[in-house]
Every structure is written in structure tokens, then in C-alpha cells.
2 protein chains.
Amino acid sequence: MFSKSTEYALRATIYIAQKSSENCKLGIKAISDATDSPPHFTAKILQVLTRNNKIISSVRGPNGGFYMTEEAKSLPVRSVLDVMEEDSVLERCVLGLNKCSEAKPCPMHSQYKLIKQQLITLFETKTIMDLASDIRDGEAFINND
Amino acid sequence: MFSKSTEYALRATIYIAQKSSENCKLGIKAISDATDSPPHFTAKILQVLTRNNKIISSVRGPNGGFYMTEEAKSLPVRSVLDVMEEDSVLERCVLGLNKCSEAKPCPMHSQYKLIKQQLITLFETKTIMDLASDIRDGEAFINND
DNA sequence: ATAATTAAAGATATTTTTATCTTTAATTAT
DNA sequence: ATAATTAAAGATAAAAATATCTTTAATTAT
């Protein structure tokens with residue numbers, strides 16, 4: 001469904017939301033280990049998510065690292081997709097037709113739009129915090145050591 | 001949602017289902033034009049869909065081209081995804097976690113699986129013919145000249 | 001002030017996907 | 001038989017996605 005970049009972005013964001021706070025920051029190594037993601041690539045992705053502190057915040061230097069504010073944690077999951085420029089997955093025609101629209105629907109349009117709408121609703125109503133706090137012992141997420 | 005290869009595959013298949021028959025075959029040019037797809041790349045994709053005549057059939061030489069049998073037209077749309085090896089999109093974890101499962105769900109698992117199930121049902125119950133015969137004048141599909 | 005720590009930024013490499021081009025093989029019509 | 005037509009197969013190219021490495025800049029603790 002999503003690119004690896006976006007999968008890593010979602011996983012890192014959920015992990016940071018779960019484990020960090022303004023006075024408890026996480027290093028790139030801890031994040032990439034916990035989310036089973038390549039560290040350097042994850043670092044690149046976090047650079048994007050950190051732009052303007054919209055979703056993730058960071059500080060450099062000793063005791064620095066990545067963290068999220070409570071305000072950011074309450075953002076919808078969709079905001080991660082938006083920053084990763086992959087929100088188009090939620091909007092595009094299944095058959096990839098640019099001209100597909102309500103007026104000129106492709107043959108999958110009417111059925112697919114019902115499903116797409118549920119995806120949009122899911123990503124827009126669930127907050128990052130919702131997901132982070134859903135994590136229980138034994139869940140696939142995360143490498144809890 | 002799907003790769004371009006799969007989008008082209010779906011579009012070509014639907015078009016061939018709609019326009020061809022055992023005694024009316026379509027050339028690669030006609031297909032790629034109608035479906036807004038790059039001709040050479042589409043040819044490569046049709047080679048795959050034609051293997052073993054599972055979905056699409058072809059004959060070479062004058063008056064040759066691509067066509068589908070009525071039997072093939074009644075296959076579920078999912079069979080195209082299977083041949084394109086993109087059925088995994090319908091099965092994978094949204095967050096890309098291999099270990100995500102019913103027993104060890106990721107934080108999106110329970111909500112996402114409901115949507116995924118609808119996608120699977122859609123692609124398994126709709127036949128290629130269903131889509132082809134859905135096409136009406138003015139629909140985005142196809143370049144009807 | 002200095003050294004240590006950490007993320008940011010930039011450069012490079014690898015892999016995968018997408019796309020095109022050329023040659024070959026099959027079929028048909030003449 | 002021969003030439004024309006068409007898809008199959010193979011080779012190559014270009015672009016995008018994924019991944020890593022190196023250098024720089026900011027921050028903190030000493």
C-alpha cells in the first residue's frame with residue numbers, strides 16, 4: 001500500500017510518540033532498532049518529518065534526540081502521509097487513470113471509492129497518540145526489550 | 001495502491017475483455033493507445049499475462065494479436081493481481097511489519113483488516129467481464145474513438 | 001574554551017521499477 | 001516458397017526508490 005519510506009515514517013512516528021516526551025528524547029539508533037528500520041535511511045526520513053517541527057521535534061548534542069510534543073502526538077495519522085507526500089494513495093484512481101472522476105468514472109470507481117473513503121476516515125480520525133497507546137505487550141510493534 | 005505495471009495490466013486486461021474475442025484480436029498499438037499506456041512496456045506486461053494463456057491469449061502473424069476467451073473473461077479481477085505478483089498488497093501489514101499477525105497485531109491491525117477484507121472481496125468477486133461490461137460512454141475508461 | 005555527542009546536510013551507491021529498442025520466431029496471405 | 005505481419009524474447013537505458021557513508025553544525029557537559 002505505502003512505500004517503504006512511508007512505512008518507516010509511520011513506525012518511527014508511532015514509536016517516538018509512545019516513548020518520548022519533551023524531557024526524554026530518543027536517538028536514531030534506538031528508533032531504528034525498535035522499528036526494524038535501516039538507521040541511516042530512517043535518519044533521512046526523520047529529517048523530513050522534523051522540518052518545521054510539524055510532527056517530530058529534535059535537538060542536537062548530548063542528551064539530544066527526537067521527541068514529540070503532546071500537541072504533535074494528537075495529530076491525525078494522515079499528517080504523516082501528507083508530509084511523506086503519499087496522501088495521493090488515498091485519492092488516486094485504482095487503475096491509475098488521471099481522468100477518472102465522479103463524472104467520468106473508471107469501471108472500478110464506484111465500488112472502490114467506498115473503500116477509499118474508509119481508508120481516508122481511518123487515517124484522518126485516528127491520531128498518532130491513539131496508535132501509540134494501542135500498543136500492548138506482545139504486539140508486533142515494537143522490539144520491546 | 002498498485003504499481004504502474006499492475007495498473008497497466010488491469011487496464012489492458014479490461015480493454016481486451018471488452019473489445020476482443022477469439023475471432024477479433026487486438027494489436028499492441030490499439031491496446032496501449034486505448035489504455036494510455038507506453039506501448040513497449042505494455043507489450044512486456046502482456047507477455048506475462050499471456051503465459052500459459054491463463055488470462056490473455058495471443059497469436060502471432062497477420063491478423064494476430066491479443067484476445068481473451070469467454071472463460072478467461074469470467075476470471076476474478078484478482079487473478080490479474082496474482083499473475084502480476086501484487087496480490088501481496090491485499091495481504092500485507094499497513095506498517096510493513098512481517099511479524100504483524102492476529103496474535104501479534106500492529107497498532108493499525110484490527111481497523112485496517114476490515115478494510116483489507118473489503119478490498120479482497122471486491123477483487124475476488126468482481127470478474128474481469130463485470131468491469132469490461134460496466135464501461136459506458138463517457139467513462140474515463142477508455143480512449144473510445 | 002574544549003571535547004564529546006548528537007542530528008542535519010550533502011554526497012554517493014545500490015537496487016528496483018519503468019521504459020525503450022533490437023532481434024527472433026511464429027503465422028498468414030500471396 | 002516468399003514476403004509481410006505480428007507477438008516473444010532479449011538487451012539496454014533511464015528514472016525512481018532505497019540505502020549508506022562522510023562531513024558539518026548545533027548543543028551540552030566538563
Side-chain angles (χ1 to χ4, degrees), chain A residues 1-13 15-16 20 22-33 35-68 81 83-86 88-89 96, chain B residues 1-13 15-16 20 22-33 35-68 81 83-86 88-89 96:
Chain A
M1 165 121 243
F2 297 121
S3 65
K4 290 200 180 192
S5 297
T6 297
E7 290 175 353
Y8 298 152
L10 288 167
R11 279 158 33 196
T13 302
Y15 182 68
I16 294 168
S20 83
E22 243 117 332
N23 50 10
C24 175
K25 307 185 185 72
L26 301 168
I28 194 68
K29 188 73 170 52
I31 296 165
S32 61
D33 279 356
T35 59
D36 265 331
S37 307
H40 286 125
F41 195 42
T42 302
K44 277 290 167 206
I45 290 164
L46 289 181
Q47 278 179 29
V48 176
L49 294 170
T50 301
R51 295 269 155 73
N52 308 118
N53 295 341
K54 277 168 67 175
I55 296 181
I56 294 171
S57 305
S58 67
V59 297
R60 299 197 259 203
N63 300 317
F66 299 91
Y67 68 98
M68 289 178 74
L81 304 182
V83 171
M84 296 301 293
E85 289 177 322
E86 200 151 28
S88 64
V89 173
Chain B
M1 163 123 243
F2 298 122
S3 65
K4 290 201 177 189
S5 296
T6 296
E7 289 175 354
Y8 298 153
L10 288 167
R11 277 152 41 190
T13 301
Y15 183 68
I16 294 168
S20 83
E22 243 117 335
N23 51 9
C24 175
K25 306 185 185 71
L26 302 169
I28 193 68
K29 188 71 170 53
I31 296 165
S32 62
D33 279 357
T35 59
D36 264 331
S37 307
H40 287 126
F41 195 41
T42 302
K44 277 290 166 204
I45 290 165
L46 289 181
Q47 279 178 28
V48 177
L49 293 170
T50 302
R51 295 269 155 74
N52 308 118
N53 296 341
K54 279 169 66 175
I55 296 181
I56 295 171
S57 305
S58 67
V59 297
R60 298 197 259 202
N63 300 317
F66 298 90
Y67 69 98
M68 288 177 76
L81 304 182
V83 170
M84 296 301 293
E85 291 178 321
E86 199 150 28
S88 64
V89 172

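Numbers restart at 1 for each chain; the letters A, B, ... are given by sequence-line order, proteins then strands. Computation of the quantities below employed the complete heavy-atom set of this structure, encompassing side-chain atoms and omitting hydrogens, waters and symmetry-equivalent molecules.
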Item to check | Residue B:H40, side-chain atoms from C-beta onward, closest of C:dT20, C:dT18, C:dA8 | outcome: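 Output: C:dT20.
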
Item to check | Expected output: side-chain B:E86 to main-chain B:S3 donor-acceptor under 3.5 Å | outcome: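 Indeed, once roles are kept as given, a pair shorter than 3.5 Å links the two residues.
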
OP1 or OP2 of [N] less than 4.0 angstrom from a side-chain nitrogen or oxygen of [X], does that happen here?
X: B:S58; N: D:dA8; result: yes
X: B:S5; N: C:dT18; result: yes
X: B:N63; N: C:dA29; result: yes

Next on the checklist: Expected output check: what is the dot-bracket annotation of DNA chain C, where ( ) and [ ] are pairs inside the strand (brackets for crossing ones), | is paired with another strand, and pairs are Watson-Crick or G-U under 3.5 Å?
Outcome noted: ||||||||||||||||||||||||||||||

In the structure I gave you, are the side-chain heavy atoms of [X] and [Y] within less than 4.5 Å of one another anywhere?
X: B:R11; Y: B:T42; value: no
X: B:L49; Y: B:I16; value: no
X: B:F41; Y: B:S5; value: yes
X: A:V83; Y: A:I55; value: yes

Report the distance from atom [atom1] of [X] to atom [atom2] of [N], rounded to the nearest whole Å.
X: A:F41; N: D:dA16; atom1: CZ; atom2: C1'; result: 11 Å
X: B:I28; N: C:dA19; atom1: CD1; atom2: P; result: 14 Å
X: A:K25; N: D:dT27; atom1: NZ; atom2: P; result: 12 Å
X: A:L26; N: C:dA7; atom1: CG; atom2: C1'; result: 13 Å
X: A:R60; N: C:dA4; atom1: CZ; atom2: C1'; result: 15 Å
X: A:Y67; N: C:dA7; atom1: OH; atom2: C1'; result: 13 Å
X: B:E85; N: C:dT18; atom1: CD; atom2: P; result: 13 Å

Item to check | 5′-ward residue of the pair A:Y8/B:G27 relative to DNA chain D | outcome: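 First, find each residue's nearest nucleotide; the 5'-ward one identifies B:G27.
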
Checklist entry - Of A:K4 and A:P62, whose nearest nucleotide on DNA chain D comes first from the 5' end? => result A:K4

Checklist entry - Residues from residues 43-57 of chain A sitting under 4.0 Å of DNA chain D, heavy atoms only? => result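 Residues of residues 43-57 of chain A that come under 4.0 Å of DNA chain D are, in numerical order, A:K44.
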
Item to check | Atom of A:S37, atom of A:Y8 and distance for their closest heavy-atom approach | outcome: OG-CD2, 3.4 Å

Item to check | B:K25 to B:N63 - nearest heavy-atom pair and separation | outcome: CD-O, 4.0 Å

Item to check | Candidate pair A:M84 and A:I45, rule side chain to side chain contact (heavy atoms under 4.5 Å, CB included), full reasoning | outcome: CA-CA 9 Å; A:M84 296 301 293; A:I45 290 164; 4.1 Å; yes

Next on the checklist: Please report the interatomic distance OH(A:Y67) to OG(A:S58), rounded to the nearest 0.5 Å.
Outcome noted: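 A:Y67 OH to A:S58 OG: 7.5 Å, rounded to 0.5 Å.
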
